[in-house]
Each structure stands twice: as structure tokens, then as C-alpha cells.
Trainee: 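The structure follows.
So that the names make sense, note that chain A is the first sequence line, chain B the second, and so on, each numbered from 1. Computed over heavy atoms, backbone and side chain alike; hydrogens, waters and symmetry mates excluded.
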Protein chains: 2
Amino acid sequence: MKNDSLTSTVETIASECLAVRIRLLNRTVTNIFDDALRPLGVKVSQLNVLIVVAKLGPISPGEVSRRLNMEKSTLSRNVDRMRTHDWLKVSEGDSGRKQILEIGSAGRKLIEKSLPFWKKAQVQTEVMLGERGARSIHRAANAVWAQLGRT
Amino acid sequence: MKNDSLTSTVETIASECLAVRIRLLNRTVTNIFDDALRPLGVKVSQLNVLIVVAKLGPISPGEVSRRLNMEKSTLSRNVDRMRTHDWLKVSEGDSGRKQILEIGSAGRKLIEKSLPFWKKAQVQTEVMLGERGARSIHRAANAVWAQLGRT
DNA sequence: ACGATTGTGTTGTATATACAACATAGGAGC
DNA sequence: GCTCCTATGTTGTATATACAACACAATCGT
């Protein structure tokens with residue numbers, strides 16, 4: 001019957017598509033972390049940015065967005081929100097255009113408080129994925145970082 | 001020095017966090033697919049929904065959102081947009097509250113046209129992740145589906 | 001039959017994300 | 001020094017996502 005090509009396309013995409021799978025993982029895991037972090041009033045997306053700045057800062061927004069493979073405009077608005085909580089501090093680079101991000105004092109306190117909440121979500125995710133599944137994610141992410149041109 | 005607990009928390013989260021990694025993968029892979037599908041005017045998120053409905057429909061929105069672990073309100077607005085393109089058809093269930101989703105004729109045509117564009121993105125993703133990385137994603141997604149209570 | 005609970009979908013609000021268009025700063029080449 | 005090109009960041013717009021509150025139907029318990 002003439003439906004065959006439709007059916008086989010549907011079957012192929014449904015059973016193989018990597019985007020479907022990664023997006024499912026993203027929704028599921030983001031929910032677990034946001035849930036665990038809710039008492040702190042921070043979302044995992046914001047904690048991620050904070051950790052990058054804490055680890056590498058002072059650092060420019062452009063550099064952060066490259067490392068996270070995140071659009072500069074996305075980061076720009078994230079930074080705005082985090083600034084209002086004093087999680088991040090933004091200053092003008094010596095000469096010209098570049099800005100400089102550093103963690104603010106509230107950001108420092110937030111990170112210090114966050115470990116047990118983060119750990120709970122991390123363990124819950126590990127249990128869900130299983131040990132092999134969790135190591136799988138690390139492997140796949142390492143592959144992406146390799147393509148991006150590095151840590 | 002008193003910075004030690006901050007530094008060690010930052011190091012721990014930066015080097016281990018599964019959410020950071022999955023979210024990076026999500027941004028990267030979603031971009032690859034959206035890019036490849038752009039000529040068709042569809043986003044991978046929408047194609048995903050379309051494939052589920054094509055494979056399992058007629059099906060209710062609630063059932064779709066459960067299978068994708070997606071909030072019902074998210075799906076509700078996705079369906080609205082897809083309806084305006086005639087990618088999806090929505091009808092009222094016989095008796096009462098439940099709606100019924102089916103693919104529309106434009107949706108059928110879209111799926112038929114989409115295979116080569118999808119394939120290109122799939123291959124590009126496989127190259128980026130490597131064979132092991134790609135299998136890793138399948139493994140992790142299978143673990144999530146197992147927890148959700150099934151295919 | 002009736003009232004309470006549950007399931008289903010919509011709407012308001014906030015954040016995350018990307019693309020396109022823009023403004024502007026710094027450099028490169030001449 | 002000027003012009004052009006590139007890098008950097010912001011703003012407008014659209015979509016994806018979730019949570020909270022709601023409306024309403026269906027069902028369950030009595």
C-alpha cells in the first residue's frame with residue numbers, strides 16, 4: 001500500500017533519532033535538578049553559569065558562552081537576572097568593549113550552600129540512568145567538548 | 001585558607017555534574033537538527049511530536065505528554081502552533097473531555113519530505129559523538145524510558 | 001443521587017533558548 | 001589616519017519549557 005514510505009520513515013525516526021533521546025534526557029534531568037535546587041531559589045541553568053564563572057573568572061561573557069555552546073544573547077539575559085541577585089558582578093574591561101564577569105558575594109554563599117542539594121539531584125540522576133548510563137553521558141559530553149575546541 | 005570549601009564545591013560540580021553535560025548535549029544536538037530541518041520550516045521539537053502522533057495516533061495530548069515526559073501545557077501550545085500548519089488535526093473525543101490528535105495531510109507530506117534532512121543531522125550528530133557516544137545516548141534514554149513506566 | 005477526588009486541557013507568568021538586526025569597539029591593511 | 005572587517009554585547013521576536021491556578025468532566029464512595 002502507498003503508506004509504506006510514511007510508515008517506514010516514522011519507524012526509522014522513532015527508533016533511532018538522537019535528538020528525541022537527548023531532548024527527553026534534558027527535560028527529565030533538568031526537572032530533577034530544578035526540583036532539588038528549588039529551596040535555594042536557583043535553577044540549574046543559572047548554577048551552571050555561576051560555576052563556570054567561579055572556576056574560570058574573571059572571564060568575559062563571550063568566553064563563557066563559547067565554553068557552554070550557548071548563544072551570546074541567551075547568556076546576556078541570564079547574566080542580567082543573576083546580577084539582580086548579586087550572584088554575578090559585571091565590570092567593564094580596562095580598555096574597551098569587553099565586560100568582565102566575577103561571582104558576587106551572594107553567589108559565593110549560594111555555591112557554598114548548594115552542595116547537598118546538588119548532590120541529591122546528582123545521585124537521583126545516577127540512580128535513574130544506572131552506572132553505565134551515567135558514564136555514557138560523560139563520554140558523550142566529552143566528545144562534544146572535543147569538537148568545540150576544548151575545555 | 002577559607003576558600004577551600006568553595007573551591008572544592010566548584011571543582012566537584014564542574015567535573016561531575018550530569019545536568020551540565022546533558023544540557024550541553026541538548027543545546028548542541030538541537031542546534032544541529034534545527035539547522036538541518038530549517039529548509040522545511042519545522043523545528044526538531046515539532047517533528048518529534050509529529051512522529052509520536054503518526055506512530056501512535058489517534059492519541060490524546062495527555063498520553064503524548066506522558067510519553068515524552070513533557071508538561072501538558074508545553075504540549076498544548078506546541079499543538080496549537082502545529083495545528084495552524086495543518087500538521088496536526090485535533091478533534092473532540094466521543095464523550096467528554098479528551099481530545100484526539102491525528103496527523104493532518106500537511107503533516108503527512110512533511111514527514112515524507114523530512115527523511116533526508118533528518119538523516120543528515122543524525123549522521124552529523126553520530127560523527128560528533130562517535131559510535132560509542134551515540135550508543136551511550138541510546139542506553140541512557142532507554143534507562144529513562146524504563147523509569148517512566150514504559151514505551 | 002450527591003459530594004469529593006481525580007484527570008484533562010487552557011491560560012498567566014517566568015525563564016531558557018536561538019536567530020536576526022543592530023551598535024560599537026578594535027584591528028588590519030593601505 | 002582612514003576604511004573595512006571582525007568581535008562583542010544588546011534588543012526584538014519566536015519557540016520550548018515548567019509551574020500555578022483555573023475550568024470542567026468523569027469517576028468513586030457512600
Trainee: Taking CZ from A/Arg38 and C1' from C/dA14, how many angstroms apart are they, rounded to a whole number?
Mentor: 12 Å
Trainee: Sequence neighbours excluded and cut-off under 3.5 Å, please list the side-chain donor-acceptor pairs for residues 117-128 of chain A, or say none.
Mentor:
residue	atom	partner	partner atom	Å
A/Gln122	OE1	B/Leu18	N	3.1
A/Gln122	NE2	B/Glu16	O	2.9
A/Thr125	OG1	A/Ala121	O	2.8

Trainee: Once side chain to side chain donor-acceptor pair (under 3.5 Å) is applied, do any residues pair with A/Arg66, and if so which ones, sequence neighbours excluded?
Mentor: A/Glu63
Trainee: Where each residue is assigned the nucleotide of DNA chain C containing its nearest heavy atom, which of A/Ser45 and A/Ser73 is assigned the position nearer the 5′ end?
Mentor: A/Ser45
Trainee: Under the 4.5 Å side-chain heavy-atom rule for ILVMFWY, direct or indirect, which residues accompany A/Val20?
Mentor: none
Trainee: Nearest whole angstrom, please: distance from the P of C/dG9 to the CG of B/Asn78.
Mentor: 14 Å
Trainee: Between B/Lys72 and A/Lys72, which is nearer to the 5' end of DNA chain C once each is assigned its nearest nucleotide?
Mentor: B/Lys72
Trainee: Are the charged groups of B/Glu112 and B/Arg108 less than 4.0 angstrom apart, N to O?
Mentor: no
Trainee: Rounded to whole Å, please give me the gap between CZ in B/Arg77 and P in D/dA16.
Mentor: 12 Å
Trainee: Could you tell me how far apart A/Glu71 (CD) and D/dT10 (P) are, to the nearest whole angstrom?
Mentor: 12 Å
Trainee: Looking at DNA chain C, which of residues 18-37 of chain B put a heavy atom within less than 4.0 Å of it?
Mentor: B/Arg23, B/Arg27, B/Asn31
Trainee: Whole angstroms only, please: what is the NZ-P distance between A/Lys98 and D/dA7?
Mentor: 11 Å
Trainee: Strictly by ring pair (Phe, Tyr, Trp, His ring centres under 6.0 Å), give each pair with a member in residues 36-72 of chain A just once, sequence neighbours left out.
Mentor: none
Trainee: Tell me which donor-acceptor pairs under 3.5 Å the side chains of residues 79-87 of chain B have, and how far apart each pair is, sequence neighbours excluded?
Mentor:
residue	atom	partner	partner atom	Å
B/Arg81	NH2	B/Asn78	OD1	3.0
B/Thr84	OG1	B/Arg81	O	2.7
B/Asp86	OD2	B/Ser105	OG	3.2
B/Asp86	OD2	B/Ala106	N	3.4

Trainee: In this structure, how many angstroms lie between the P atom of C/dT17 and the NZ atom of B/Lys43, rounded?
Mentor: 13 Å
Trainee: Please lay out, stage by stage, how A/Val144 and A/Asn69 fare under the test side-chain contact (heavy atoms from CB on, under 4.5 Å).
Mentor: CA-CA 10 Å; A/Val144 172; A/Asn69 197 29; 5.6 Å; no
Trainee: I need the full list of salt bridge (Lys or Arg N to Asp or Glu O under 4.0 Å) pairs touching residues 51-60 of chain B, with sequence neighbours left out, sorted by first then second residue.
Mentor: A/Glu11-B/Lys55
Trainee: For a quick check, tell me whether the side chain of B/Arg66 and the base of C/dG9 share a donor-acceptor pair closer than 3.5 Å.
Mentor: no
Trainee: When the distance from CZ of A/Arg67 to C1' of D/dT8 is rounded to whole Å, what number comes out?
Mentor: 17 Å
Trainee: Counting only pairs under 3.5 Å, give me each side-chain donor-acceptor contact of residues 36-48 of chain A, with atom names and distances, residues two or more places apart or in other chains.
Mentor:
residue	atom	partner	partner atom	Å
A/Arg38	NH1	A/Asp35	OD1	2.8
A/Gln46	OE1	A/Lys43	N	3.2
A/Asn48	ND2	A/Val44	O	3.0

Trainee: Report yes if at least one side-chain N or O of B/Ser76 is closer than 4.0 Å to OP1 or OP2 of C/dG9; otherwise report no.
Mentor: no
Trainee: Can you list, in residue-number order, the parts of residues 117-126 of chain A that come under 4.0 Å of DNA chain D, counting heavy atoms only?
Mentor: none
Trainee: Can you tell me how far C1' of C/dT8 sits from CD of B/Glu63, to the nearest Å?
Mentor: 12 Å
